[in-house]
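Everything quoted here is computed from the prediction, not taken from an experiment. Worth knowing before you read on, the calculation uses all heavy atoms, side chains too, and leaves out hydrogens, waters and symmetry mates. Reminder, nothing fancy here: chain letters follow the sequence lines and each chain counts from 1.
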2 protein chains.
Amino acid sequence: MKEYEHIETFNPKECLSGQISRINRLTATIFRKYISPFKVTNSQLTLLFILSKHNTLNQMQLSTIAKLEKSSLHRNIKRLVDSNYVSKADFPLLQLTNDGKKLVNTIIPEWEKAMTEIREIIGTEGESSIHQIHQNLISKT
Amino acid sequence: MKEYEHIETFNPKECLSGQISRINRLTATIFRKYISPFKVTNSQLTLLFILSKHNTLNQMQLSTIAKLEKSSLHRNIKRLVDSNYVSKADFPLLQLTNDGKKLVNTIIPEWEKAMTEIREIIGTEGESSIHQIHQNLISKT
DNA sequence: ATAAATAAGTTGTATATACAACTTATTTAT
DNA sequence: ATAAATAAGTTGTATATACAACTTATTTAT
């Protein structure tokens with residue numbers, strides 16, 4: 001029988017979605033190792049990092065910067081507000097609380113360690129490739 | 001006040017975890033556009049693809065190949081069994097059902113279109129960088 | 001052959017994410 | 001200034017993921 005002819009000839013290992021997802025899971029695990037002792041997640045830290053460089057942002061701005069769907073962003077922020085790292089005092093503007101700033105400042109050295117560990121695995125070329133791919137996706141999407 | 005000195009000097013845009021997560025979200029959205037009409041998710045398709053190239057695998061083998069934590073794998077497989085794309089008839093061995101094979105064979109051309117769209121964005125260099133980074137992470141982790 | 005040790009599989013729990021549908025706020029025509 | 005249109009924010013729902021703790025199956029010493 002010559003059914004399923006595509007299956008025989010295709011190469012699923014090429015799948016960019018599969019490869020990128022695996023890259024994401026493996027690198028996330030490394031970052032988590034350094035970050036989780038602070039009781040914050042990788043995604044949460046990304047948002048705290050963005051907020052640490054902007055005085056105030058509304059949800060739409062944050063979702064555009066983080067490339068996160070607005071409903072995902074909404075719930076991530078809710079957790080950060082519940083943990084008292086982000087303030088909605090000036091709603092709809094969001095800003096880091098003092099606790100949030102202190103946490104970011106404290107985590108940065110550990111984050112650097114995670115960055116170093118990843119760089120040792122993917123190399124400087126890997127790092128600049130990621131940057132390039134990221135830029136292309138940001139600008140062409 | 002000279003508190004939070006790290007915040008002033010660090011550059012969160014460098015964060016490899018942040019960049020990779022964003023790359024993952026953006027590329028997943030492109031793949032989803034082609035794949036979701038078949039009522040299957042990107043993660044599910046990855047597992048179906050792997051199974052399509054192996055007669056049988058147990059959960060441990062699949063989780064090693066997919067780099068998925070065993071409990072995550074377990075529940076992904078459960079959904080595929082519920083959809084009748086994977087059979088547990090030979091448990092603990094898993095295998096594609098005929099429906100599963102037919103689905104994979106049908107989706108491959110659409111998957112190719114998704115691959116083409118991503119390649120147009122990240123380029124051939126991007127694609128081979130992803131492959132290289134993926135290899136490094138697989139072998140050094 | 002059996003006990004002890006290890007591996008594989010399962011379930012509970014929390015967070016992350018997207019999409020659809022909805023509500024509330026803001027902006028734009030008239 | 002008000003109505004209509006658009007944008008921002010919220011909630012419901014389903015899937016994805018990891019970690020911890022547990023149970024069941026398999027393997028390894030004795």
Side-chain angles (χ1 to χ4, degrees), chain A residues 17-18 20-48 50 56-83 85-86 88 90-94 114 141, chain B residues 17-18 20-48 50 56-83 85-86 88 90-94 114 141:
Chain A
S17 182
I20 291 168
S21 297
R22 246 168 298 189
I23 289 170
N24 188 44
R25 287 198 294 273
L26 294 167
T27 53
T29 298
I30 294 172
F31 271 87
R32 196 179 299 117
K33 187 173 64 182
Y34 292 92
I35 301 309
S36 67
F38 298 94
K39 298 295 174 197
V40 80
T41 67
N42 298 344
S43 295
Q44 287 168 7
L45 186 61
T46 297
L47 298 179
L48 294 175
I50 293 170
T56 58
L57 291 173
N58 62 29
Q59 291 187 34
M60 202 57 220
Q61 292 171 315
L62 244 184
S63 113
T64 301
I65 295 170
K67 301 287 170 189
L68 253 186
E69 211 275 336
K70 62 187 178 176
S71 64
S72 306
L73 182 100
H74 182 262
R75 280 178 256 222
N76 288 172
I77 286 294
K78 183 179 183 316
R79 289 174 202 113
L80 292 169
V81 170
D82 290 347
S83 308
Y85 295 134
V86 169
K88 277 190 165 181
D90 238 319
F91 188 84
L93 296 182
L94 306 170
T141 308
Chain B
S17 180
I20 291 167
S21 296
R22 245 167 301 189
I23 289 169
N24 188 44
R25 287 198 295 273
L26 293 168
T27 54
T29 298
I30 294 171
F31 270 88
R32 195 179 300 117
K33 187 172 64 180
Y34 292 92
I35 302 309
S36 67
F38 298 92
K39 297 296 175 199
V40 80
T41 66
N42 298 343
S43 294
Q44 288 169 7
L45 186 60
T46 297
L47 298 179
L48 294 177
I50 293 170
T56 59
L57 291 173
N58 63 28
Q59 290 187 35
M60 203 54 220
Q61 292 170 315
L62 244 183
S63 113
T64 302
I65 295 170
K67 302 289 172 189
L68 254 186
E69 212 276 337
K70 62 185 176 176
S71 64
S72 306
L73 182 99
H74 182 262
R75 280 179 256 222
N76 288 174
I77 286 294
K78 183 178 183 315
R79 289 174 203 114
L80 292 169
V81 171
D82 290 349
S83 310
Y85 295 134
V86 170
K88 278 189 165 181
D90 237 319
F91 188 83
L93 297 181
L94 306 170
T141 308

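- The closest side-chain heavy-atom distance from B:T29 to B:R32 is below 4.5 Å.
- In terms of phosphate contacts, B:T41 brings a side-chain nitrogen or oxygen within less than 4.0 Å of OP1 or OP2 of D:dA16.
- A:L73 places its CG atom 13 Å from the P atom of D:dA8, with the value rounded to the nearest Å.
- Annotation: side chain of B:L48 is in contact with side chain of B:V86 (closest heavy-atom distance under 4.5 Å).
- B:L94 and B:N58 make their closest contact through CD1-C, 4.4 Å (heavy atoms, listed as atom of the first residue, atom of the second, distance).
- Listed here is the closest heavy atom pair of B:G18 and A:T46: CA-OG1, 4.2 Å.
- Closest heavy-atom contact between B:K67 and A:R25: O-NE, 3.0 Å.
- When rounded to the nearest whole Å, the span between NZ of A:K78 and P of D:dT11 equals 9 Å.
- Looking at A:R22, its side chain does come within 3.5 Å of a backbone N or O of B:I65 through a donor-acceptor pair.
- Listed in residue order, the members of residues 22-32 of chain A having a heavy atom less than 4.0 Å from DNA chain D are A:R25, A:R32.
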(request) Determine, stepwise, if the pair A:L68 / A:N76 fulfils side chain to side chain contact (heavy atoms under 4.5 Å, CB included). (result) CA-CA 10 Å; A:L68 253 186; A:N76 288 172; 3.5 Å; yes

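- If you take CG of A:L80 and C1' of C:dA16, they are 12 Å apart, rounded to a whole angstrom.
- Distance B:K39 NZ to D:dA14 C1': 12 Å, rounded to the nearest Å.
- Minimum heavy-atom separation, B:I30 to B:A114: CG2-O, 4.4 Å.
- Taking the nucleotide of DNA chain C with the nearest heavy atom to each of A:Q44 and B:F91, the more 5' of the two is matched to B:F91.
- A:S43 comes within 4.0 angstrom of sugar-phosphate atoms only, judged by non-hydrogen atoms across all strands, and of no base.
- A donor-acceptor pair under 3.5 Å is absent between the side-chain atoms of B:S63 and the main chain of B:E69, judged by distance alone.
- Taking atom CD1 on B:I35 and atom C1' on D:dA14, their separation rounds to 18 Å, with Å as the unit.
- With C:dG9, D:dA20, C:dA16 as the candidates, the nucleotide lying closest to the side chain of B:P92 is C:dG9.
- Residues from residues 56-70 of chain A placing a heavy atom under 4.0 Å of any atom in DNA chain C, listed by number, are A:L68, A:E69.
- Look at CG on A:N76: it is 13 Å from C1' on C:dA14, rounded to the nearest Å.
- B:I50 and B:A66 make their closest contact through CD1-CB, 4.0 Å (heavy atoms, listed as atom of the first residue, atom of the second, distance).
- A pairwise comparison of heavy atoms in A:K88 and A:I77 identifies CE-CG2, 4.4 Å as the closest pair.
- Mapped onto DNA chain D by nearest heavy atom, B:S72 and A:R75 fall at different nucleotides, with A:R75 at the one closer to the 5' end.
- Rounded to whole Å, the distance from NE2 on A:H74 to P on C:dT15 is 16 Å.
- Taken together, the paired segments of DNA chain D that extend over three or more consecutive Watson-Crick or G-U pairs, each closer than 3.5 Å at both contacts, are C:1-30 with D:1-30.
- Using modelled atom types, one side-chain atom of B:N42 and one backbone atom of B:A28 make a donor-acceptor pair closer than 3.5 Å.
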